[in-house]
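Side-chain atoms are counted along with the backbone in the values below, which use heavy atoms only and exclude waters and symmetry mates.
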Amino acid sequence: MNALHPVTLSVAVALALSSWVAVASPQAAATAAAAAPQSAAPVARNVQPVADDAQRVLALEGAWNVRTFAGLQGRNGPIPAMAFVRTADLSRLTDADKDRLAAAGVALDIDLRTGDEEQQSPDVLAKDPRFDYQRISLMGTEKMDLQKMMTSFPDTLGAAYVQWLGSNQPQFREVFQRMAAQRDGAVLFHCTAGKDRTGIIAGILLDLAGVPRADIVHNYAVSAHYLEGQPKDSAMNVQMMALLKQHPEIARKMAGMGGTAPENMEMFLDTLHQQYGGAAGFLKEVGLSEAEIHSLQVRLGQAG
C-alpha cells in the first residue's frame, strides 16, 4: 500500500472507529466505556424519525439503514423516489432482498468501503448479474493498519468529515463521475454502517439538489435510529478490542463516534459552503465537468 497523507490516515481511522462503534458488541462497547476517562463526553442521543421519513425506508431482511430520497424537496421540485438508494453493509442480503432491489430498479451498486472491509463482508450484489457493481474506497486506502493510523485523528466525526473534503478529492471525483455516467435505473451506494461515507455522499447530493439544510441534517441524523439491531461483526470486534487494550486513550474519542449527531452534518455543510460555495462548487473543484454535474441534477430531478 502506498503511504497515505497523515490527514487521510486520520480520517480513515476516525471512520473505521465510527463504523465499529455503530455495530459493536455489548462486550466491546463495555470495554470502550471502561477505558474512557471520567471526562469523556456522552454519546449523543439518537434523532428519531418523523412520519415523513417512512416513505423513504426500503425494508429489507438483511440490510439496515436502507433509504431513498423519496419526498425530499429540491429547488425545482421533489427528488424522484428511486433516483438513489443509501444503505449500510450488504453482505447479509437474502434472495428476496436482491429480488426487491432489482424490482425497484436498482441498476448500479457503488461500494464505498476499503478492500479489507469488502473481503471481510463481501457485497452479495457484486456477483448478481442484474446489478453493475463498482467499489471505490472513499477513504483513499484499501488496507487499514489501525495500529499505525491511530496516532492522530479528529476529536469529532464532523471534524473528520471536513478533513475528508480536502484529503480525498480524487475518490469523490470517481464516485460522482460514476454516478453521473449511469443513465438508467437507481444508483445504490453504501459503506459499512451507512452513516459516515454514505452520509456524506448523500449530503452532497441533497445539497446539489437544493434540499433545505434542515432536511439534509435530519436525513443524516436519523441513521443511528435505523442502525439499531444491525448484526455485529465479530472479526472487527476482535480487532478493535485488541486495539483498545493496547491504546485505552482512544476510548474517549470512540465514545462519540458511534452516533449521527446533527452537529456533525452541520459542521460539514458549513465547510462545504464556506470553502466551496456548496455542492456544485465542490464537484467542480474535484474535477467534474459541467455536463457531469448536469447529469447528476437530472437524476435528482433538478435540471430545470
J.: Are the charged groups of K127 and D123 less than 4.0 angstrom apart, N to O?
T.: no
J.: What pairs of residues pass the ring-ring contact (aromatic ring centres under 6.0 Å, His included) test when at least one of them lies in residues 60-82, not counting sequence neighbours?
T.: F69-F84
J.: Assess whether a salt bridge exists between R92 and D97, defined as any Lys/Arg side-chain N lying under 4.0 Å from an Asp/Glu carboxylate O.
T.: no
J.: What do the steps show when you test L90 against L188 for side chain to side chain contact (heavy atoms under 4.5 Å, CB included), and what is the final call?
T.: CA-CA 11 Å; L90 298 181; L188 179 151; 3.7 Å; yes
J.: Do we see a donor-acceptor contact under 3.5 Å between the side chains of N264 and Y161?
T.: no
J.: Quick check: is V124 connected to Y133 through a chain of hydrophobic side chains (ILVMFWY, heavy atoms under 4.5 Å apart)?
T.: no
J.: Would you mind checking if D99 and R130 are paired as a salt bridge, meaning a charged N to carboxylate O distance below 4.0 Å?
T.: yes
J.: Could you go through V106 and V85, starting from their C-alpha distance and side-chain angles, then the distance that decides it, and tell me whether this counts as side chain to side chain contact (heavy atoms under 4.5 Å, CB included)?
T.: CA-CA 8 Å; V106 172; V85 178; 4.2 Å; yes
J.: Cut-off 3.5 Å, side chains only: do T271 and Q274 have a donor facing an acceptor?
T.: no
J.: Is there a donor-acceptor pair under 3.5 Å between the side chain of K195 and the backbone N or O of G259?
T.: yes
J.: Please find the pair of heavy atoms, one from L296 and one from A180, that lie closest to each other, and give the distance.
T.: CD2-N, 3.7 Å
J.: Does the pair T114 and D116 meet the rule for a side chain to side chain donor-acceptor pair (under 3.5 Å), with working shown?
T.: CA-CA 5 Å; T114 65; D116 278 357; 5.3 Å; no
J.: Taking the side chain as everything from C-beta on, heavy atoms only, tell me whether Y276 gets closer than 4.5 Å to V286.
T.: no
J.: From L288 CG over to R173 CZ, what is the distance, rounded to the nearest 0.5 angstrom?
T.: 8.5 Å
J.: Looking at side-chain heavy atoms only, is the closest gap between T87 and T198 below 4.5 Å?
T.: no
J.: Would you confirm whether Q302, through its side chain, and R75, through its main-chain N or O, come within 3.5 Å as a donor-acceptor pair?
T.: yes
J.: Compare every heavy atom of A70 with every heavy atom of T68, then report the nearest pair and how far apart it is.
T.: OG1-N, 3.1 Å
J.: Is L165 reachable from M179 through a run of I, L, V, M, F, W or Y residues, each pair having side-chain heavy atoms under 4.5 Å apart?
T.: yes
J.: So if you build clusters from Ile, Leu, Val, Met, Phe, Trp, Tyr with side-chain heavy-atom gaps below 4.5 Å, do V298 and I110 land together?
T.: no
J.: Going by the salt bridge (charged side-chain N to carboxylate O under 4.0 Å, His left out) test, which pairs reach into residues 174-192, not counting sequence neighbours?
T.: none
J.: What distance do R299 atom CZ and L208 atom CG have between them, rounded to the nearest 0.5 Å?
T.: 12.5 Å
J.: Heavy atoms only: give me the nearest G194-C191 pair and the separation to one decimal.
T.: N-SG, 3.3 Å
J.: Does the side chain of D109 reach to within under 4.5 Å of the side chain of Q134, using non-hydrogen atoms?
T.: no
J.: Taking side chain to side chain donor-acceptor pair (under 3.5 Å) as the definition, give me every residue that meets it alongside H294, ordered by chain and number, with sequence neighbours left out.
T.: none
J.: Does the T260 side chain pair with the main chain of A221, one donor and one acceptor, at a distance under 3.5 Å?
T.: yes
J.: Which atom names give the shortest non-hydrogen contact between Y220 and D196, and what distance separates them?
T.: OH-OD1, 4.5 Å
J.: Measure the acute angle between the ring planes of W164 and F172, then classify it against the limits of 30° and 60° as parallel, tilted or perpendicular.
T.: tilted
J.: Side chains of L300 and V211, heavy atoms from C-beta outward: is any pair under 4.5 Å?
T.: no
J.: Do L125 and I201 sit in the same hydrophobic cluster, where Ile, Leu, Val, Met, Phe, Trp and Tyr count as joined when their side-chain heavy atoms come under 4.5 Å apart?
T.: no
J.: Are any non-hydrogen side-chain atoms of K284 and E290 less than 4.5 angstrom apart?
T.: yes
J.: Cluster question for you: counting only ILVMFWY and a side-chain heavy-atom cut-off of under 4.5 Å, with indirect links fine, are L227 and L60 together?
T.: no
J.: Testing the basics here: between G287 and Q177, what is the closest heavy-atom pair and its distance to 0.1 Å?
T.: O-NE2, 3.9 Å
J.: Could you please spell out the steps behind the side chain to side chain contact (heavy atoms under 4.5 Å, CB included) verdict for R113 and S121?
T.: CA-CA 10 Å; R113 302 174 302 161; S121 301; 3.7 Å; yes
J.: Would you mind reporting whether H190 and N65 have side-chain heavy atoms less than 4.5 Å apart?
T.: no
J.: Between the main-chain N or O of V57 and the side-chain N or O of R67, is there a donor-acceptor pair closer than 3.5 Å?
T.: no
J.: Assess the residue pair Q171 and M139 against the criterion (side chain to side chain contact (heavy atoms under 4.5 Å, CB included)); give the C-alpha distance rounded to whole Å, side-chain angles, the decisive distance to 0.1 Å, and a yes or no.
T.: CA-CA 7 Å; Q171 290 75 35; M139 291 194 294; over 6 Å; no
J.: Nearest 0.5 Å, what's the CD-CG distance between Q73 and L206?
T.: 12.0 Å
J.: Quick one: pull up CD1 in I216 and CD in E266 and give me the separation to the nearest 0.5 Å.
T.: 10.0 Å
J.: Within the structure provided, determine whether V222 and Q48 are in side-chain contact (heavy-atom separation under 4.5 Å).
T.: no
J.: With side chain to side chain donor-acceptor pair (under 3.5 Å) as the test, would you mind laying out the steps for D53 and H218 before giving the verdict?
T.: CA-CA 10 Å; D53 289 309; H218 178 80; 2.7 Å; yes
J.: Salt-bridged, D111 to R197, with N to O below 4.0 Å?
T.: no
J.: Between the side chain of R135 and the main-chain N/O of L112, is any donor-acceptor distance below 3.5 Å?
T.: no
J.: Looking just at side-chain N and O atoms, do D207 and H273 make a donor-acceptor pair shorter than 3.5 Å?
T.: yes
J.: Hey, are S223 and R86 close enough side-chain-wise for a donor-acceptor pair under 3.5 Å?
T.: yes
J.: Minimum heavy-atom separation for Q230 to A88, with atom names?
T.: NE2-CB, 3.7 Å
J.: Quick one, L283 and E292 - any side-chain contact, counting heavy atoms below 4.5 Å?
T.: no
